[in-house]
Amino acid sequence: MAELRILYFAWLRERVGRSEETLELPAEVRTVAALRRHLIARGDGYPALAEPTVRVAVNQAMADAATALAPGDEVAFFPPVTGG
Amino acid sequence: MAELRILYFAWLRERVGRSEETLELPAEVRTVAALRRHLIARGDGYPALAEPTVRVAVNQAMADAATALAPGDEVAFFPPVTGG
Amino acid sequence: MADGPRVAVQPAPFDVAAELAALTAGRHDIGAIGSFVGTVRDSVGGRRLAAMTLEHYPAMTERALAGIVAEATQRWPLLGVTVIHRVGRLQPGEGIVLVLAASAHRAAALAATGFLIDWLKTRAPFWKQEHFDDGTSAWVAARSEDEAAAAAWGEAPPPPA
Amino acid sequence: MADGPRVAVQPAPFDVAAELAALTAGRHDIGAIGSFVGTVRDSVGGRRLAAMTLEHYPAMTERALAGIVAEATQRWPLLGVTVIHRVGRLQPGEGIVLVLAASAHRAAALAATGFLIDWLKTRAPFWKQEHFDDGTSAWVAARSEDEAAAAAWGEAPPPPA
């Protein structure tokens with residue numbers, strides 16, 4: 001896969017307006033921080049990703065802004081968890 | 001009742017050789033400490049009451065050496081508790 | 001607590017599911033239930049255990065347990081408490097004690113559960129005697145860790161004689 | 001642990017008695033079992049709750065729970081662990097989460113129970129949405145007390161982005 005799979009959960013899913021999408025990885029997007037900027041620039045519901053509380057996981061493991069991305073990765077954005 | 005009821009539990013019951021007895025309250029026995037001395041002086045198994053870990057309850061409430069005694073009281077001697 | 005705490009001392013086994021159901025029956029204000037079950041192990045210090053006998057001081061036991069429960073109820077906003085302690089002869093694997101504490105939130109439920117079992121272990125008049133496979137028996141000695149655990153909750157009653 | 005921990009994420013209710021029985025079946029080395037049950041309350045902040053929906057991130061959830069259980073198993077000498085978390089729509093009074101931790105002694109069982117639920121609350125990808133009697137819904141906000149409770153156990157993983 002040359003694409004990223006991107007998932008959204010809880011109120012972020014509602015604000016973005018979708019639960020998942022695929023994205024042909026742009027050349028300049030090499031980190032979580034760059035992906036987040038790229039998505040926010042789309043406007044519509046995406047600026048919700050700028051909320052400072054938003055968490056991110058890459059390939060089902062918690063990640064941070066500096067985490068590197070590669071084609072085929074699964075990236076999930078979500079609010080702080082509230083289970084239990 | 002002009003008598004004390006005295007109870008013994010666990011290994012103290014085994015050492016003293018009985019689980020309970022009644023005692024006509026001697027005039028000089030007015031506290032738990034005095035009762036303990038009075039019983040220890042009997043010899044046989046009673047010196048087990050001198051063990052420093054022995055606890056005492058008067059009328060089903062934890063007591064100490066200075067607790068006053070009166071006819072009709074129930075006094076229990078026992079080792080540190082180990083339930084749970 | 002709407003129905004008051006449930007405190008029992010009994011030779012019969014307890015049924016955790018039934019006790020949980022009774023504690024929460026018709027209650028929708030409970031958000032968290034902490035529980036503790038103590039059971040008889042089959043070996044102690046490398047020796048095989050055949051059985052255990054729990055002796056108690058009947059006239060004092062339920063009163064002591066009720067006092068411990070009252071203290072917990074003062075310290076935390078509890079919506080239900082159950083304490084059941086067995087007495088008599090128990091086999092390895094059998095339950096000895098059950099503590100349940102319910103509250104709106106987990107911090108109170110879990111803290112109260114720990115408090116109840118720690119205080120019960122040092123303040124309720126039960127004594128354990130272990131019966132080994134080789135036919136010998138021994139009274140369990142009180143552990144200083146248990147005293148320390150109980151004391152860590154603070155405000156201990158007057159020291160015993 | 002002889003049989004390994006049991007971790008499940010499911011829409012169906014859990015059966016505490018059956019889980020306890022499975023955890024302890026044939027085991028006589030267990031002396032203490034701590035447990036925690038989280039349930040749906042019928043009111044929140046003075047508003048009546050009609051139901052709650054638990055959303056999760058399926059590909060990540062069991063992995064996150066297994067990681068939390070592995071951490072508990074490293075920290076305490078556990079003889080059995082069960083973690084079951086429900087997803088989907090739940091009614092007031094229903095169970096949300098069950099944690100069981102068994103050990104030879106109570107200190108480990110109770111500490112592991114508290115650790116498992118504290119870490120689960122801040123590290124497992126579940127989100128609660130509350131549905132009120134008036135037809136409105138709201139996502140539950142994360143509580144700073146939960147972060148503090150989890151952090152108090154030390155050695156937090158790297159902070160999220």
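Chain A is the first sequence line, chain B the second, and so forth, proteins listed ahead of strands; every chain is numbered from 1. Nothing here was measured: the structure is a model prediction, and the numbers come from that model.
At least one side-chain heavy atom of D:Trp127 sits under 4.5 Å from a side-chain heavy atom of A:Thr82. With a 4.5 Å cut-off on side-chain heavy atoms, D:Pro125 and A:Phe9 do not count as touching. Looking only at side-chain heavy atoms (C-beta outward), A:Met62 and D:Met60 come within less than 4.5 Å of each other. For the pair D:His56 and A:Phe78, the minimum side-chain heavy-atom distance is 4.5 Å or more.
Closest non-hydrogen pair, D:Leu54 versus A:Gly83, comes out as CD1-CA, 4.5 Å. The minimum heavy-atom distance linking A:Ala61 with D:Arg63 is given by the pair CB-NH2, 4.0 Å.
Contacts of A:Ala57 with chain D are made by side-chain atoms alone, with heavy-atom separations under 4.5 Å and no backbone atom involved. Interface residue D:Ala59: backbone and side-chain heavy atoms are both found under 4.5 Å from chain A. Heavy atoms of D:Ala64 lying under 4.5 Å from chain A are absent altogether.
Between the D:His85 side chain and the A:Gly84 main chain, a donor and an acceptor come within less than 3.5 Å of each other.
Side chain to side chain, A:Glu14 and D:Trp139 meet the donor-acceptor criterion of an N or O pair below 3.5 Å.
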**OP:** Given side chain to side chain contact (heavy atoms under 4.5 Å, CB included), test A:Arg13 with D:Glu55 step by step and report yes or no.
**Re:** CA-CA 11 Å; A:Arg13 171 176 54 72; D:Glu55 179 173 334; 2.6 Å; yes

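When D:Val83, D:Leu120, D:Val140, D:Val87 are compared by the number of non-hydrogen pairs under 4.5 Å with chain A, D:Val140 comes out ahead.
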